[in-house]
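Note that the structure is predicted; figures quoted are calculated from it, not measured. Hydrogens, waters and symmetry mates are skipped; everything else that's a heavy atom, side chains included, is used. Letters go in sequence order (proteins before strands), and every chain restarts at 1.
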Number of protein chains: 2
Amino acid sequence: MTPKYANVSEREQEPPSLAISTVIFALRPDPETGRLSLWLPLVRRIRQPYRELWALPGGPLRPSESLQDAAARNLQDTTGLSPRYLEQLYAFGGPDRSPTPRVVSIVYWALVQPDEAALARQDENVDWFRADAVGTLAFDHNRIIDYALWRLRNKMEYGSIAYAFLGATFTLAQVREVYEAVLGRELDPANFRRQLQATQDIERTDSFLQGGRHRPPRLYRYTGPELQSDAFPPA
Amino acid sequence: MTPKYANVSEREQEPPSLAISTVIFALRPDPETGRLSLWLPLVRRIRQPYRELWALPGGPLRPSESLQDAAARNLQDTTGLSPRYLEQLYAFGGPDRSPTPRVVSIVYWALVQPDEAALARQDENVDWFRADAVGTLAFDHNRIIDYALWRLRNKMEYGSIAYAFLGATFTLAQVREVYEAVLGRELDPANFRRQLQATQDIERTDSFLQGGRHRPPRLYRYTGPELQSDAFPPA
DNA sequence: CCAAAAGTGTTAAACTTACACCCATGA
DNA sequence: TCATGGGTGTAAGTTTAACACTTTTGG
């Protein structure tokens, strides 16, 4: 048993404060290659510490809102989007992750659909970056993003989160593109399509996506369990 | 956008306080059937709210310790054991999980080896319970335990955490017993043994476990990646 | 008609699963 | 020597993975 306070200076420290941050992922085509890739919004810090550096969107927890609600609000404020998927990532709280007053951050990660062009919400202090090229960020935020990426890829391996990136209907090739963008490797179209169809999570519609350069692919609809639903993990 | 404060009473609330709690799992033989089952220690609350009810061990975060360290200390204090495995579980922070002042709890889960008989550390206010029969606990602690169990079983499916329950050497049948106790179903000994041997995580020793009633089984040693290592997930 | 993506078929290899069987020991 | 858990063998069923092949559209 250690004594209640190791020394006087500790006794006089304030209790650590709490903040909520969010890693928001969206897929958008790379302006150069045209292939889908992962992007996320960052905000520029306007005060010390780390003033002028980019950081994850975040803020304090309000008295009456749940952790999840705080994260969702966060996301709404910085992107204007509603999350299709929102889940707690991790609580970061090392005594040295922030200079001076200690901050414990509970971090959420979210997936949003980009097509709503709301990606356009950029200004001097909010911008989107490729997930694999964010530069040096404030605090331990690079580490946080790495972890979020790891978790995203993990979930992808055996999950239905892919649909959180897509609209109400989609082609099987689009689902494959999502997987390829997130996992960073190519997948066999033939086998992939069969694996998808083997899960009961999607259902074919009678529509086809017109306007492509070749044979129009059939559209499908997600019918599996509620994505993200709410508050709690058992995903 | 919601207004900054919904009403005056909210403005006057204190910021939520932070606590660390720990779900500590150990395997011990059931006093009746003799088969291994999951147990965890709980502490009796000595103050309101929920006075006299059993609850997860926990306490405040000290100024200079990391979240992980706080959880480890917690565990040391209540069981006298060091965790072989300790990982963050989830942060619980609904505005209504505790009457009156709001508390955000960052919960860890741990696996310990029971053989050190330190299970004996029981007194009026600390006792061990079967994980599937804890009764009604304080706060949302039943829910937390359910989630910890879910996560444990999940990790078990494709992981090497099983070894965290065992000593330096063990028989393959012991590993199987761990799996059976946690997953709650029987496994084919023949196939299970082969699957274990197929992973590179264990290595055979030249010793055999003597004293059984039948043919002495060979002892093995874990040689895979550090269990639990520290601070961070990428398990 | 041609290029290219959509979509189907086929087969070898890998991995599960179930269960028969032999082995070695304490009693 | 027998009962029992330790340990090996094996064959059917299922899943994965690679890739050839047919279909349908826009140009």
**Student:** Does A:Arg193 place a side-chain N or O at less than 4.0 Å from the phosphate oxygens OP1/OP2 of C:dT8?
**Tutor:** yes
**Student:** Could you tell me whether B:Glu177 and B:Arg35 have a side-chain N and a carboxylate O separated by less than 4.0 Å?
**Tutor:** no
**Student:** Would you kindly check whether a donor in the side chain of B:Arg213 faces an acceptor in the base of D:dT4, or vice versa, at under 3.5 angstrom?
**Tutor:** no
**Student:** Roughly, in whole Å, what's the span from CG in B:Leu172 to C1' in C:dC23?
**Tutor:** 16 Å
**Student:** Report the distance from atom CG of B:Asp188 to atom C1' of C:dT16, rounded to the nearest whole Å.
**Tutor:** 10 Å
**Student:** Does the ring center of B:Tyr147 lie less than 6.0 Å from the ring center of B:Tyr90?
**Tutor:** yes
**Student:** Starting at the 5' end of DNA chain C, which residue's closest nucleotide do you reach first, B:Gln195 or A:Ala190?
**Tutor:** A:Ala190
**Student:** On DNA chain D, check which nucleotide each of B:Ala173 and A:Gly211 is closest to and give me the residue with the more 5' one.
**Tutor:** B:Ala173
**Student:** Of the options C:dA6, D:dC19, D:dG7, whose atoms approach the side-chain atoms of A:Arg194 most closely?
**Tutor:** D:dC19
**Student:** Write down the distance between CG (A:Leu209) and P (D:dT24), rounded to a whole number of angstrom.
**Tutor:** 18 Å
**Student:** Rounded to whole angstroms, how far apart are CD on B:Glu177 and P on D:dG6?
**Tutor:** 8 Å
**Student:** Starting from P on D:dG6, measure out to CZ on B:Arg204 and report it in whole angstrom.
**Tutor:** 16 Å
**Student:** With a 6.0 Å cut-off on the ring centroids, do A:Tyr85 and A:Tyr163 count as close?
**Tutor:** no
**Student:** Using whole Å, what does the distance between atom C1' of nucleotide C:dT16 and atom CG of B:Leu187 come to?
**Tutor:** 13 Å
**Student:** Which nucleotide wins on minimum distance to the side chain of B:Asn191, given the candidates D:dG6, C:dA6, C:dA18?
**Tutor:** C:dA18
**Student:** Nearest to the side chain of B:Arg218 - D:dT24, D:dG7, D:dC19?
**Tutor:** D:dG7
**Student:** Could you state the atom-to-atom distance from CZ of B:Phe192 to P of D:dG5 in whole Å?
**Tutor:** 17 Å
**Student:** Any idea which of C:dT25, D:dA18, C:dA6 is nearest the B:His214 side chain?
**Tutor:** C:dT25
**Student:** What's the CG-C1' distance between B:Leu219 and D:dG6, to the nearest Å?
**Tutor:** 13 Å
**Student:** For this output row, return yes or no: ring centroids of B:Phe25 and B:Phe165 closer than 6.0 angstrom.
**Tutor:** no
**Student:** Between B:Lys155 and B:Glu87, is there a salt bridge with N-O shorter than 4.0 Å?
**Tutor:** yes
